[in-house]
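Encoded as structure tokens, the structure appears first; notes follow it.
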Amino acid sequence: MRVFKFGGASVKDAEGVRNVAEVLKKAGYKDTLIIVSAMGKTTNALELVVDHYFNQPEELSNAILELKHFHLQIVEALFGPLSEPMNKRVGELVSELKSLFKHNKATNYSFVYDQVVGFGELLSTSIINAYLNHVDIQCEWLDARKCVKTDAYYRDANLDWELTQKTINAQVSKNKLVISQGFIGSDENNFTTTLGREGSDYTAAIFAYALNAESVTIWKDVPGVLNGDPRVFENTKLLNQISYTEAIELAFYGASVIHPKTLQPLQRKEIPLYVRSFLNPDGAGTSVSKGKTLEPHIPCYILKPKQVLIRLSSLDFSFMVEDNISEVFALLYQYQMRVDLIQNSAISFSVCVNNKYNRLEELLQILRSKFKVTVFENVDLYTVRHFDAEALTSIEAKKDNILLEQRAQETIQYVVEN
Ligand code: ASP
């Protein structure tokens with residue numbers, strides 16, 4: 001079996017959905033599972049719906065109505081006069097969402113979030129499934145929540161691998177084309193859970209792992225994995241081949257093209273991952289597999305914006321060594337800071353972190369009671385893997401405001417003030 005994943009950008013409108021059918025015709029779809037995200041920016045819109053429910057209830061019904069219209073207009077464009085059954089299905093899903101709010105008693109934001117945002121994927125896969133069947137591509141709709149079993153850590157649920165492998169193998173029909181949702185799963189009480197934003201790549205890897213799939217293909221709006229984000233860096237080039245280890249390194253440093261959790265399950269079973277363009281399905285794209293580290297072997301550029309650089313030194317000028325550094329790490333863990341980079345000298349310790357859960361102020365308050373603290377917010381972290389002389393000059397020339405630089409054999413990193 002092969003697993004294909006189509007992200008939100010590939011199905012952002014009716015034309016995108018038609019293109020999915022074209023890609024399937026070109027690439028073949030026998031014995032294939034397709035994992036699909038919510039259409040366009042639907043997950044963001046649903047996040048706003050959750051926010052309104054808690055903070056601005058007067059805005060709630062309008063936001064839901066907008067979401068309904070967005071999907072109905074795609075249905076209309078796809079099915080024309082034959083849209084009635086699909087209009088009904090969209091209506092049913094939206095009513096389910098409304099009734100969820102009506103009956104909800106839970107005050108836990110993350111729990112409510114997960115019950116709500118998954119509707120994006122339920123809507124998109126229902127519409128795409130109907131369209132594929134409409135154009136004679138026989139397809140079966142599968143509820144991912146019956147397959148992907150997780151704990152109840154809402155918004156970033158952890159997989160129960162053993163159970164998930166069993167449920168997937170029991171639910172997925174072989175030798176057919178099956179469509180299911182990325183991003184969502186369910187806990188032991190069958191409440192919906194989500195795997196974290198951008199989690200659909202991970203879903204594709206989970207299904208591939210459980211099914212011993214021959215490959216996973218992520219269809220994107222870029223030709224494959226490039227050696228830098230083309231929105232940030234100039235003259236980016238396509239990477240033809242990347243080893244699993246190198247891809248994990250790139251994802252770790254912040255290359256957003258592949259969701260970091262996706263790679264481990266694929267590496268464990270040596271299932272190749274292809275990243276290809278849904279705009280040019282004939283292009284070879286990038287293969288992430290066992291083999292060469294990087295082909296061509298060129299520098300790879302990564303930018304992580306909006307990071308925080310914290311510089312610490314002891315209040316009494318004593319050394320920053322094991323005891324106080326371990327204390328700092330315990331606090332970073334406690335306040336859920338994702339550490340990007342560390343550097344220390346005898347009396348100072350610098351750490352660049354991602355303030356993902358907005359807990360910086362809490363952390364700083366404690367740190368200030370124990371250390372002398374200097375903070376630089378909203379800094380950019382640049383990483384270059386496999387740097388060469390040219391790569392170094394190009395970055396240095398661009399940046400006057402380097403706050404910190406760190407160089408290892410394969411990797412150089414700069415923290416830059418904005
Ligand atoms: N729809 C979800 C999101 O926007 C999951 C995904 O697209 O991967 O984060």
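One-based numbering along the sequence shown. Counting starts at 1 for both ligands and their atoms, in listed order.
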Please determine if [X] has a nitrogen or oxygen closer than 3.5 Å to a nitrogen or oxygen of ligand 1.
| X | value |
| --- | --- |
| Lys5 | no |
| Thr43 | yes |
| Gly199 | yes |

### Task
Go through the steps for Glu270 and Ser289 under the test side chain to side chain donor-acceptor pair (under 3.5 Å), then give the verdict.
CA-CA 7 Å; Glu270 291 186 8; Ser289 57; over 6 Å; no
#### Entry: Result of checking Asn108, Thr194, Thr193, Thr192 against Asp114 for side-chain hydrogen bond (donor to acceptor under 3.5 Å, both in side chains)
Thr194
#### Entry: Validation row, ring centre Phe54 to ring centre Tyr109 under 6.0 Å
yes
### Message
I'd like to know whether the aromatic ring centres of Phe111 and Phe191 sit less than 6.0 Å apart in this structure.
### Response
yes
### Task
Please identify which atoms of ligand 1 are closer than 4.0 Å to at least one heavy atom of Phe183.
2 (C), 5 (C)
### Task
Please tell me if the side chains of Val94 and Ile64 come closer than 4.5 Å, counting only heavy atoms from C-beta onward.
yes
### Query
Which residue and non-hydrogen atom of the protein lie closest to atom 7 (O) of ligand 1, and at what distance in Å?
Ser37 OG, 3.1 Å
### Task
List the closest protein heavy-atom neighbour of atom 3 (C) of ligand 1: residue, atom name, distance to the nearest 0.1 Å.
Arg197 NE, 3.3 Å
### Heavy atom of Lys41, distance to ligand 1 below 4.0 Å
no
### Task
Would you confirm whether Thr286, through its side chain, and Val225, through its main-chain N or O, come within 3.5 Å as a donor-acceptor pair?
yes
### Task
Could you pull out, from Ala204, Ser200, Ser124, the option with a heavy atom nearest to atom 6 (C) of ligand 1?
Ser200
